[in-house]
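In what follows, a single structure is set out as structure tokens and then discussed.
Every chain is numbered from 1 and lettered A, B, ... according to where its sequence line falls, protein lines coming before strand lines. Side chains are part of it too, since the values below use all heavy atoms of this structure and drop only hydrogens, waters and symmetry mates.
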Number of protein chains: 2
Amino acid sequence: MVDKEEYRARIIRTASRIFSHYGFRKTTMEEISQALKKGKSSIYYYFQSKEEIFEAVVLYEANQLRRRLTAAIKEVDSPPDKLRNYIYVRMREFAKLSNYYNAVFDKNLDHFEFIEKIRARYDREELAIIRLLVYVGNNRGSFAVEDSEYTAMAIQTMLKGMEVPLFWRRREIDINYRLEAILTLIFNGILKKQ
Amino acid sequence: MVDKEEYRARIIRTASRIFSHYGFRKTTMEEISQALKKGKSSIYYYFQSKEEIFEAVVLYEANQLRRRLTAAIKEVDSPPDKLRNYIYVRMREFAKLSNYYNAVFDKNLDHFEFIEKIRARYDREELAIIRLLVYVGNNRGSFAVEDSEYTAMAIQTMLKGMEVPLFWRRREIDINYRLEAILTLIFNGILKKQ
DNA sequence: AACAAAGTGGAACAAACGGGTCGGATATTC
DNA sequence: GAATATCCGACCCGTTTGTTCCACTTTGTT
């Protein structure tokens, strides 16, 4: 059937909404099926288990994140703007795509093996992106760094460090403050002094 | 003990936070006690049941609403401003104090009898406030209405009418648009033509 | 029309969950 | 050190929930 995939996508979108509100544990198959106006057992025609739905949801959000980050980079031209945009969007979206987010952080969910894989893949891709941004910025004369690889890793580490307080749900101001601080730090340490 | 009441208050604040996120049903006693870093059974030393906690939470939020509304009125001086302020704050806070809010609207919660009482009391008080605002505005020459009581009831009815779409969680814009429309209507129909 | 395949949902069930109880442990007060 | 206030682990038991089974309707094909 052609629209079986489409229906799977619909389930994913719906489940994503509910999961992101209540979390994996508190979301029931009953709720998902009700939101879809189907019988609970019908869902099992499209997915093997609740866990499989969650996996699909997290994958879906991870792709969404990737798409938005790519768009954010293309949006502007100069390397510093690209990097700044990337970091901003990363921080903002990361908290918004809460299933991906919880999947990565929630201790109660650490029995899902697929999370580790997704996370590892994302890390690899992100490092490549940052490395490229730094490299291009260097070539264009915006940045002045010795080793793109090493610098990219340092930046990524900083970004990871910001995820933790993000997870703690501190005050917005605090987050923004940290974000600004990190950006200033990165740019002041990276921009060619004129 | 002096701080038994204080501890009850702490439970209420904590429970309020969790209830407002997950709703009455999905919030467990386990979670509340964990958030308080106490054993589950310890909570029962302060409250008889989960329902009693919820009742206290709703009452707490109702009082908070009352306090903020009173403050909103005192904040400005002219009667039209007072009324405008009152309505704005009412709408904004109502959605924020989500337990009170859900208590009043959630169909799954209609077996709580205390809700009816709180609601009735709030209605009475609100009517009195609006009546007074209208009456004073009338005396001060800002408004020109025949019967304060009747007008106050009409305004309250309008406000109630706005709670429904508020409950539907429509777009912010829609809500604000309605709010403006209602305000314009009330004021244009109420302000003395010069 | 007839038949297979795709899709649906009600019923049933085992496992887990969750509100509430109880008896005793531990801390505090006098 | 007795009396009282506070806390908690272990348990109870009705309810919830993920999943399966199977009979059913719907859809597409010949």
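- Note on B:Tyr45: every side-chain N or O is 4.0 Å or more away from OP1 and OP2 of D:dC8.
- Nucleic acid contact for A:Ser33: none, since no nucleic acid atom lies under 4.0 Å from a heavy atom of the residue.
- A salt bridge does not link B:Glu75 with B:Lys82: every distance from a Lys NZ or Arg NE/NH1/NH2 to an Asp or Glu carboxylate oxygen is 4.0 Å or more.
- Distance CD1 (A:Ile32) to P (D:dG18): 8 Å, rounded to an integer number of Å.
- The CZ-C1' distance, from A:Arg8 to C:dG7, rounds to 15 Å in whole Å.
- Using a cut-off of 4.0 Å between Lys/Arg side-chain N and Asp/Glu carboxylate O, B:Glu116 and B:Arg119 are scored as not salt-bridged.
- Ring orientation note: the planes of B:Phe24 and B:Phe112 are nearly perpendicular, at an angle over 60° on the 30°/60° scale.
- Between the side chains of A:Lys38 and A:Tyr7, at least one donor N or O lies within less than 3.5 Å of an accepting N or O.
- Around atom OH of B:Tyr150, no more than 12 heavy atoms belonging to other residues, nucleotides or ligands sit under 6.0 Å away.
- When the C1' atom of D:dT20 is taken as reference, atom NZ of A:Lys50 falls 17 Å away, rounded to whole Å.
- Comparing the end axes of the helix from C:dA1-D:dT30 to C:dC30-D:dG1, each fitted to five base pairs by superposing C1' atoms of four pairs onto the next four, gives an inter-axis angle of 30° (nearest 10 degrees).
- Heavy-atom distances under 4.0 Å link DNA chain D to no residue of residues 9-18 of chain B.
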Counting primed atoms, P, OP1 and OP2 as sugar-phosphate and everything else as base, the B/S/- map of nucleotides 9-16 of chain C against protein heavy atoms under 4.0 Å is BB------
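- The pair A:Glu31-A:Arg17 fails the salt-bridge criterion, with no side-chain N (NZ, NE, NH1 or NH2) lying under 4.0 Å from an Asp/Glu carboxylate O.
- Salt bridge B:Arg140/B:Asp77: present, at least one basic N to carboxylate O contact under 4.0 Å.
- Between the OH atom of A:Tyr7 and the P atom of D:dT27 there is a distance of 14 Å, given to the nearest Å.
- An OP1 or OP2 oxygen of D:dT6 is reached within less than 4.0 angstrom by no side-chain nitrogen or oxygen of B:Tyr46.
- What separates NZ of B:Lys4 from P of D:dT4 is a distance of 15 Å, to the nearest Å.
- Around CE of A:Met158, the count of heavy atoms belonging to other residues, nucleotides or ligands within 6.0 Å exceeds 12.
- Protein atom NZ of B:Lys26 is 14 Å distant from nucleotide atom P of C:dC17, rounded to whole Å.
- Looking at B:Glu125 and B:Arg121, a side-chain N of the basic residue comes within less than 4.0 Å of a carboxylate O on the acidic one, giving a salt bridge.
- Spacing between atom CD of A:Glu5 and atom P of C:dA6 amounts to 15 Å, rounded to whole angstrom units.
- To the nearest angstrom, P of D:dT15 lies 17 Å from CD of A:Glu30.
- Ring pair B:Phe94/B:Tyr100 is perpendicular by interplanar angle, where above 60° counts as perpendicular and below 30° as parallel.
- Ring orientation note: the planes of B:Phe187 and B:Phe143 are tilted relative to one another, at an angle of 30° to 60°.
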